[in-house]
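Working notes, beginning with the structure itself.
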2 protein chains.
Amino acid sequence: MAVTIKDVAKMAKVAPSTVSRVIANNPRISEKTKQKVREAMEQLGYHPNFIARSLASQSTRAIGLIMPSSTDVVFQNPFFPTVLRGLSEGAHERHYALHMTTGKTDDEIYEGVVQMVQGGRVDGVILLYSKVEDKVLAFLKDRDFPFVVIGKPFSDEEEITYVDNNNFRAAKEVTEYLIKLGHKQIAFVGGNLNLTVTVERLLGYEKALRDAGIELVNEYIVHEEFLKEGGQEAVRELISLTKPPTALVVADDLMALGVLNTLDEMGIKVPEDMSIISFNNVLLAEMSRPPLTSVDINIFDLGFESARSLIYRIENPREPVKRIIIPHKIVKRCSCSSPKTEEPQIVS
Amino acid sequence: MAVTIKDVAKMAKVAPSTVSRVIANNPRISEKTKQKVREAMEQLGYHPNFIARSLASQSTRAIGLIMPSSTDVVFQNPFFPTVLRGLSEGAHERHYALHMTTGKTDDEIYEGVVQMVQGGRVDGVILLYSKVEDKVLAFLKDRDFPFVVIGKPFSDEEEITYVDNNNFRAAKEVTEYLIKLGHKQIAFVGGNLNLTVTVERLLGYEKALRDAGIELVNEYIVHEEFLKEGGQEAVRELISLTKPPTALVVADDLMALGVLNTLDEMGIKVPEDMSIISFNNVLLAEMSRPPLTSVDINIFDLGFESARSLIYRIENPREPVKRIIIPHKIVKRCSCSSPKTEEPQIVS
DNA sequence: TTGTACGCGTTATCAT
DNA sequence: ATGATAACGCGTACAA
C-alpha cells in the first residue's frame, strides 16, 4: 500500500488533519510545523490520493471530453489533435485532468456520458462537436451539469455556454472575397448538414450572394461528408452542370484536398479554371498543390478557451452562461484567382 | 446530493451491503430481493459512484494515456486519432475509461504521469510513443506499475510489454521492393532519431541494401522531423547530390507529402523520375497526387491491442510480459516504378 | 441468504 | 495553532 497522510502524520508527530492542512497550505498552521510535515512527506515520498480527495471534497478536478462518433469521418480530421492540444493546455493551467469518452454509435456515446457524469468521474464536460437534436446535450442540460460545447448549439443558444467561431461571417467573407475577384458562379461544397457548423457556413455563403444580387442556384449547393470520396462526388456533379461554377467554397480543408485531386484528374487547373477556398487551415492546407487559401479558425484557441470557460463554470456555478467567439482570419495562398472571361473567347 | 446505495437500501428495506451485492450480481442473493432492489434502483434513478467504488476497491477501471509532447510535430500526425479509436474501443470493450495526460515539455509530461500514477487516478498506462532514454518509462518500470508501450522500447525489451509492428522487416521489404523494381540509388528520409520507430526503419533499409550487395552511401540518409518543412529540406539536399537517388524510402506519409510537393516544385515527376514509398498509410496516402504506395501498419489495431494487453496485465499482474506484433502490408498505389535507364539515353 | 461493522484516504467541522 | 471525529459512498469479512 502506498504511503498515506497518516504515515506522514505519525512521522511528523502531528494529527492527520494537520497534514491535510499543510497540503492545502492553510495559513493557520505555523511555519514550523509546516516545515516538519513537509520534510516527512519528502522522506516518505508521499503523494496525495486523488480518489480519496475526490470523495471527501466532492470534486474530481477532472473534465470529461465527449468525442464525436469514432466511426464518423470527422473523427479523422486533423482538427482533433489540435483542439486536444488547446484543451489540454487550458486544463493543465488550472490543474485539471482530462477524461475521455468515445463510442461508435450515438447510443454508446450517450451511455458513456451518463456513466461518466452520474458516476461522478468528472466535474464538467466539453462537447467536441455540435449537432442537431443531440440527446447528450439534452441530458446535460436537464441535469444542470456544467458543460460547454465547441461550436454553436443547435437550439437554446441563450442558455448554453459555448465557444465557437463566427462561421456565418467567415463564410460570408470568403464568398464576398470570391465575388470581389469577379466570380459570379460560386458553388458551396458542404459537409454533414447535421453539424451546425455546416449550416452556419452555408448560410453565410447564401447571404453574401444575396447581398451581391447574385441568384442562388440549387445545383450549386452540394453536401457530402467531410472527407475524400465525398469531395470527389461533389465535384463531378458540379462540373457536369451545363453552366459549371468558376469558384468553390469548400467547408473543410480535407474535403478541399479531395476536390483538388478530382479536379486534377479531370484536367481542370486551380486556380486558373477554378478557384477554391476552404476552412480550418490545418497543416494540410499549406501542403497541398496549390497551397489552399483557407480560413484560419484558430483551432487551438477553440480548445483552450473551452477548457477555461468550463473550469470557470465549474468554480462559479451561478454565473450566467457566456459565449466566446474565437476570431478567424483568411489566409490567402494560391488557390484563388479571378475567373477567366469566357465570352471574349467565344467572340473572337 | 445524488442518490446513494443507502437510499436504495432504505427503499428496498434491505441493508446497504445487500444492495452492493446486487450490483455486483452476487449469486448468494435471492432472485426475489435482487428484483426488489433493482426496482428501487430504477425508481430512484440510482447510479453507482465510481469514486467511492474506486476508493473501496482500490481500482479505478481507468487507464492513462501518455501522449508525446504536444509541441512535437508528431502530435499533429493523423496517426493519433486512429490509435485513439483503437484504444478507445479496446478499453470500452472491457468497461475501462480513458484518462489523458499531455504536456509541452518532457518534464511537464513526466510530472503529469507521476501525479496520475501516484495519485491513483488510473490502474495502468499506455505510452503512445517510444523514444530513447525515457524518464517516464524508467519511472513506471521502477514503480512496477502496469504499463504497455506502443512501439518498441529502446532498452529492456525483454521486461516490457509492448505492441508494435515489425518495422525493421517492413522497411526491409519496401527497400527490397524498390530494388526489385531496378533501383540501386535508394535514399532514406527519416524522422527524429530519438524515436525507436525511426531507428528500426533505418536499420531495415540498410539491411536490405547490404543483402543486395548495394553500397550504403552516407549522403543518402537524411533525418528530419516528420512534418512538412523537414521533408522539403531533405529532398533539396538529396537532389543536389552529384548522383541523386532514383527512389526514396520515407518514414512517414505526412513527410512524403512534403517530399511530393518539393519534387513537384523542382519539376521532378513521381514516379517517372523518382519513386517514393512511405509508411503508415493514413488517409492522406490515397489523397495525394500521385497516390502513395505506403506500408499499412494497422494503426487501429496497434491501439486496440495495446488497450487489451494493458487490461490483461492489470487483471493478471503476475503473468509474464508479452509483446504483440501487429502485421503490416504494403499497399501499392502509384508512387513507384522502375527507374529510367539513363545510360541508353546518353548513348543515343 | 442477509445484516453489521469497519476500512479505503481525504477533507471539514468542531472542539481545545 | 492543532487535534479528534465525522463524513464521503461503497466493498467486504465476519456474524447471524
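- Looking at B/Y129 and B/D134, their side chains do bring a donor and an acceptor atom within 3.5 Å of each other.
- Taking atom CG of B/N26 as the reference point, atom P of D/dG11 lies 11 Å away to the nearest angstrom.
- Separating the CG atom of B/L55 from the C1' atom of C/dC8 is a distance of 4 Å, rounded to the nearest angstrom.
- Here A/Y46 lies in heavy-atom contact (under 4.0 Å) with sugar-phosphate atoms only.
- Between the CZ atom in B/R38 and the OG1 atom in B/T33 there is a gap of 9.5 Å [rounded to 0.5 Å].
- For the pair A/H47 NE2 and C/dT10 P, the interatomic distance rounds to 12 Å; values are reported in whole Å.
- Phosphate proximity of D/dC10 to B/Q58: absent, as no side-chain N or O sits under 4.0 Å from OP1 or OP2.
- Nucleotide D/dG9 holds its C1' atom 15 Å from the CG atom of A/N49, rounded to whole Å.
- For A/A52, taking side-chain heavy atoms from C-beta onward, the closest of the listed nucleotides C/dT2, C/dG9, D/dA1 is C/dG9.
- Looking only at distances, a side-chain donor or acceptor of A/S69 sits under 3.5 Å from a matching main-chain atom of A/K104.
- Atom NZ of B/K6 and atom P of D/dC10 are 9 Å apart (whole Å).
- For B/E31 and C/dT2, the CD to C1' distance is 15 Å, given to the nearest whole Å.
- More than 12 heavy atoms of other residues, nucleotides or ligands sit less than 6.0 Å from atom CZ of A/R61.
- The distance between atom NZ of A/K34 and atom P of D/dA1, rounded to the nearest whole Å, is 10 Å.
- Rounded to an integer number of Å, the gap from CD1 of A/I5 to P of D/dA4 is 14 Å.
- A donor atom on one side chain and an acceptor atom on the other are found under 3.5 Å apart for B/K34 and B/N25.
- Candidate nucleotides D/dA1, D/dC8, C/dT10 were compared by shortest atom distance to the side chain of A/R28, and D/dA1 ranks first.
- With hydrogens and angles left out, the side-chain atoms of A/Q115 and A/R121 include no donor and acceptor closer than 3.5 Å.
- Under a 4.0 Å N-O distance rule, the pair B/E319/B/R313 does not qualify as a salt bridge.
- Taking a 4.0 Å limit (strictly below) on heavy-atom distances, residues 9-21 of chain A reaches DNA chain C at A/S17, A/S20, A/R21.
- Here A/S30 reaches the OP1 or OP2 of D/dT2: one of its side-chain N or O atoms lies under 4.0 Å away.
- Between A/R53 and C/dG9, a side-chain N or O to OP1/OP2 separation shorter than 4.0 Å is absent.
- Taking a cutoff of 4.0 Å between a charged side-chain nitrogen and a carboxylate oxygen, A/K131 and A/D106 qualify as a salt bridge.
- Relative orientation of the A/H92 and A/H95 rings is tilted, given thresholds of 30° and 60° on the angle between their planes.
- For B/T33 and C/dT2, the shortest distance from a side-chain N or O to OP1 or OP2 is below 4.0 Å.
- Over its full length, the helix from C/dT1-D/dA16 to C/dT16-D/dA1 turns its helical axis through 40°, comparing axes from the five pairs at each end and rounding to 10°.
- Side-chain polar atoms of B/S309 and B/T161 form no donor-acceptor pair below 3.5 angstrom.
- Residues B/Y46 and B/I5 form a side-chain contact, since some pair of their non-hydrogen atoms from C-beta on lies under 4.5 Å apart.
- Contacts with DNA chain C (heavy atom under 4.0 Å) in residues 111-125 of chain A: none are found.
- A salt bridge does not link B/R308 to B/D301: none of the charged side-chain nitrogens sits closer than 4.0 Å to a carboxylate oxygen.
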